[in-house]
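Report on the following structure.
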Amino acid sequence: MTVGIDPLNPAVAVAPARRGRPRMSSRTGGALLTVGAPLALFVLLAIAWQWTAATFKSVLPPIQDIVTDIAGRPEFYLENLLVTLEAALLGFVIGVVVALLLAAAIVHFRFLRAAIMPVALLLNVTPIVAISPALVVAFGFNQIPHVIVAALSAFFPTLINSITGLRAVDPQALEVFDAMSASRTEVFFRLRVPSSLPYIFAGARLSVAAAVIGAVVSEFTGSSKGIGAVIVMATTYLNLPQMWAAIFFSALTTLALLGLVGLLERLVVRW
Amino acid sequence: MSDTAMSDTTAQIELTGVGRTYTRGKKTVEALTGVDLTIEQGEFITLFGPSGCGKSTLLRLIAGLDTQTTGEISIFGSTPKQASSRKDIAWIPQSSALLPWLDIESNASLSSVVNTRADRSGATTRRPEAAVGILEEVGLGDFRASRPDQLSGGMRQRASIARGFAQGAPLMLMDEPFSALDELTRDTLRIRLLELWEHHRKTIVFVTHSAMEAVLLSDRVVVMSPRPGRIREVVDIDLPRPRTWELTETSEFTAKVAQVKQILWSAWEGDE
Ligand SMILES: Nc1ncnc2c1ncn2[C@@H]1O[C@H](COP(=O)(O)OP(=O)(O)OP(=O)(O)O)[C@@H](O)[C@H]1O
Ligand SMILES: [Mg+2]
């Protein structure tokens with residue numbers, strides 16, 4: 001059945017996995033390496049962290065202070081986490097859906113490509129989070145600016161990857177379709193879309209990270225809720241444990257969304 | 001062999017004065033020139049020649065994947081594009097080009113889900129066949145539910161050939177379908193293809209670099225030469241059928257292979 005799913009595959013691969021490539025790593029030695037090595041580094045980093053926290057009190061808080069803070073008011077963090085998660089997820093879905101629709105249109109119509117690509121590239125060189133204050137002015141103190149920033153951030157990686165994927169069809173398979181006079185719609189749905197899925201998912205994983213960054217940073221302005229707002233609050237009160245707890249939760253948000261995308265990929269890409 | 005006077009054009013594939021020139025900027029490449037050829041229905045014919053002599057170009061023109069710059073091509077009385085729109089042409093590429101997300105059976109029955117307009121218009125000599133039966137015939141009966149990446153290269157190529165036969169098209173075009181395989185696999189697939197052809201009697205135009213393969217498979221070998229791509233000579237292979245591996249050890253066979261190669265070499269010397 002499902003072959004070639006690599007349990008050791010890190011969630012943030014950029015290029016789609018090549019099919020048919022033999023997976024390396026011998027069972028036991030590989031597991032020891034992929035679990036043991038990062039674990040060892042983690043421990044090392046934790047020791048370095050604690051030493052820094054003890055030596056330079058204003059640089060890092062001790063880990064136990066962060067844990068105590070979270071344990072002392074979990075509902076505070078959960079509430080703000082959900083606000084950010086909502087903005088990031090909503091933005092991610094909107095950005096990815098728009099990107100996919102545009103990619104489909106672009107591979108079908110030359111003039112659309114000519115029209116859309118320069119704008120998309122311009123968007124890509126714009127630091128999107130910088131738009132956030134302008135959006136707050138336009139839409140007010142609510143979720144809309146942060147959803148828009150997350151969506152704009154998520155848009156580009158999926159657009160580029162799905163265009164690449166939709167064009168990266170096996171030319172010989174395309175000939176098989178053409179020799180039977182397959183319609184453009186048939187070629188699109190039976191050949192282009194399936195063969196682009198690994199690329200689309202690679203793009204979607206990049207979009208997840210971008211959407212969360214977009215949402216969190218956007219919440220720095222014009223928001224009293226969300227992980228970004230919690231970070232700003234912590235800055236005002238010089239509350240280091242709260243700041244690092246919030247950063248931890250923003251990483252958690254990304255991980256949760258990556259897990260969701262990964263799950264979807266396993267369900268859809270089974271070759 | 002094929003000098004029967006009755007010329008029913010709907011029973012033949014006819015190429016007259018076919019040429020193809022590629023233009024890229026100011027540069028033009030005459031990939032193919034002055035090709036005259038008549039292929040009988042049910043014939044196994046091979047295009048043989050060195051790299052760059054226009055074999056693939058010619059095959060793509062017959063398939064309607066490309067259009068000739070001069071001349072006419074008639075596929076059983078229609079243009080290649082018309083024949084293609086009726087799904088009357090099966091294309092078997094060099095790599096198996098199976099779809100990795102489909103199992104072998106779905107891959108083999110691809111023609112039944114593509115260009116379904118052709119299935120509704122009745123005007124065709126095509127006889128689609130159940131993919132399952134053809135897969136049995138090529139020895140893949142037990143692998144219907146497997147995915148392409150679970151099969152060996154030879155098995156994938158068999159699945160690709162099964163896909164072609166399941167389409168049931170009267171004309172099958174194969175561009176070096178065995179060239180990426182190892183020698184042993186290649187030999188067995190050659191014999192399998194002959195068995196399939198004996199059974200289904202399609203018209204097959206087959207492209208190869210190998211004189212031995214050309215002689216083993218074909219009724220006629222079209223020897224081509226490059227710059228510009230053209231036909232040197234068409235050699236009748238009047239060896240008995242059905243052909244088996246033992247045939248390759250006979251002196252008649254070896255002589256035919258030598259003859260075909262000889263034409264190729266003399267064409268080269270004529271070039272100097
Ligand atoms: N799309 C193209 N544009 C420009 N030139 C081309 C194109 N396709 C083929 N040619 C040229 O036409 C000539 C014949 O090419 P073709 O691929 O038909 O040869 P071939 O006999 O199939 O060779 P091979 O055995 O290597 O597959 C070559 O000189 C090639 O460079
Ligand atoms: Mg070729």
Side-chain angles (χ1 to χ4, degrees), chain A residues 1-7 9 13 15-24 100 161-162 164-202 204 264-271, chain B residues 56 59-60 62-66 80-103 106-107 110-119 126 128 145-153 156 160 163-164 167-169 171-177 180:
Chain A
M1 272 207 20
T2 325
V3 160
I5 286 181
D6 186 351
N9 195 21
R18 284 282 143 85
R19 63 185 131 97
R21 172 160 45 85
R23 309 280 172 173
M24 278 179 285
L100 291 178
N161 273 273
S162 46
T164 308
L166 288 170
R167 303 181 143 213
V169 294
D170 176 356
Q172 300 201 26
L174 192 59
E175 282 180 344
V176 171
F177 276 76
D178 283 346
M180 287 192 253
S181 292
S183 69
R184 283 182 77 161
T185 319
E186 287 167 337
V187 170
F188 185 74
F189 286 108
R190 296 199 180 272
L191 185 60
R192 287 194 191 280
V193 168
S195 52
S196 71
L197 284 177
Y199 291 85
I200 289 177
F201 277 104
L264 200 64
E265 179 169 19
R266 274 175 203 220
L267 286 175
V268 176
V269 184
R270 308 179 68 163
W271 57 95
Chain B
S56 296
L59 207 66
R60 292 173 56 81
I62 297 173
L65 292 172
D66 189 12
K81 290 270 194 297
Q82 289 166 337
S84 158
S85 69
R86 291 195 305 261
K87 280 201 277 193
D88 278 352
I89 301 171
W91 179 264
I92 293 163
Q94 183 169 5
S95 79
S96 61
L98 299 173
L99 308 181
W101 51 89
L102 297 180
D103 63 27
S106 309
N107 262 293
L110 182 71
S111 66
S112 67
V113 296
V114 161
N115 185 2
T116 42
R117 279 159 291 132
D119 303 327
R126 184 165 49 91
S146 304
R147 286 181 194 276
D149 64 354
Q150 294 170 308
L151 304 189
S152 70
R156 281 203 290 268
S160 164
R163 172 174 66 190
Q167 188 179 333
L171 173 61
M172 302 186 71
L173 306 175
M174 309 190 183
D175 196 350
E176 305 190 43

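- Counting only heavy atoms from C-beta outward, the side chains of B:V113 and A:E186 never approach each other to under 4.5 Å.
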Chi angles and distances behind the side-chain contact (heavy atoms from CB on, under 4.5 Å) call for B:I89, A:M180 | CA-CA 7 Å; B:I89 301 171; A:M180 287 192 253; over 6 Å; no
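- At most 12 heavy atoms of other shown residues, nucleotides or ligands fall within 6.0 angstrom of atom CZ in A:R190.
- Inter-residue side-chain proximity for B:N115 and A:S183 is flagged as unmet; no heavy-atom pair is nearer than 4.5 Å.
- Among B:A83, B:P93, B:A90, B:P80, the residue making the largest number of heavy-atom pairs under 4.5 Å with chain A is B:P93.
- Heavy atoms of A:L174 lying under 4.5 Å from chain B are absent altogether.
- Summarising the geometry, atom NZ belonging to B:K81 is positioned 8.0 Å from atom OG belonging to A:S181; distances are rounded to the nearest 0.5 Å.
- A distance of 8.5 Å separates CD in A:Q172 from OG in B:S96, rounded to the nearest 0.5 Å.
- With sequence neighbours excluded, no residue forms a side chain to side chain donor-acceptor pair (under 3.5 Å) with B:S146.
- Closest heavy-atom contact between A:A179 and B:S84: O-OG, 3.1 Å.
- Between B:R147 and A:R270, the shortest heavy-atom contact is NE-O, 3.7 Å.
- Using a 4.5 Å heavy-atom threshold, the side chains of B:S95 and A:D170 count as touching.
- Interface remark: B:Q94 contributes backbone and side-chain atoms alike to the contact with chain A (heavy atom separation under 4.5 Å).
- When the candidates B:S160, B:A63, B:G164, B:S111 are compared by the number of heavy-atom contacts under 4.5 Å with chain A, B:S111 comes out ahead.
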For the pair B:L99 and A:F177, evaluate side-chain contact (heavy atoms from CB on, under 4.5 Å) and give the outcome as yes or no after the intermediate values.
-> CA-CA 11 Å; B:L99 308 181; A:F177 276 76; 4.0 Å; yes
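- Of all non-hydrogen atoms in A:W271 and B:P100, the two that sit nearest each other are CB-O, 3.1 Å.
- At a threshold of 4.5 Å between non-hydrogen side-chain atoms, the residues B:D175 and A:E175 do not count as touching.
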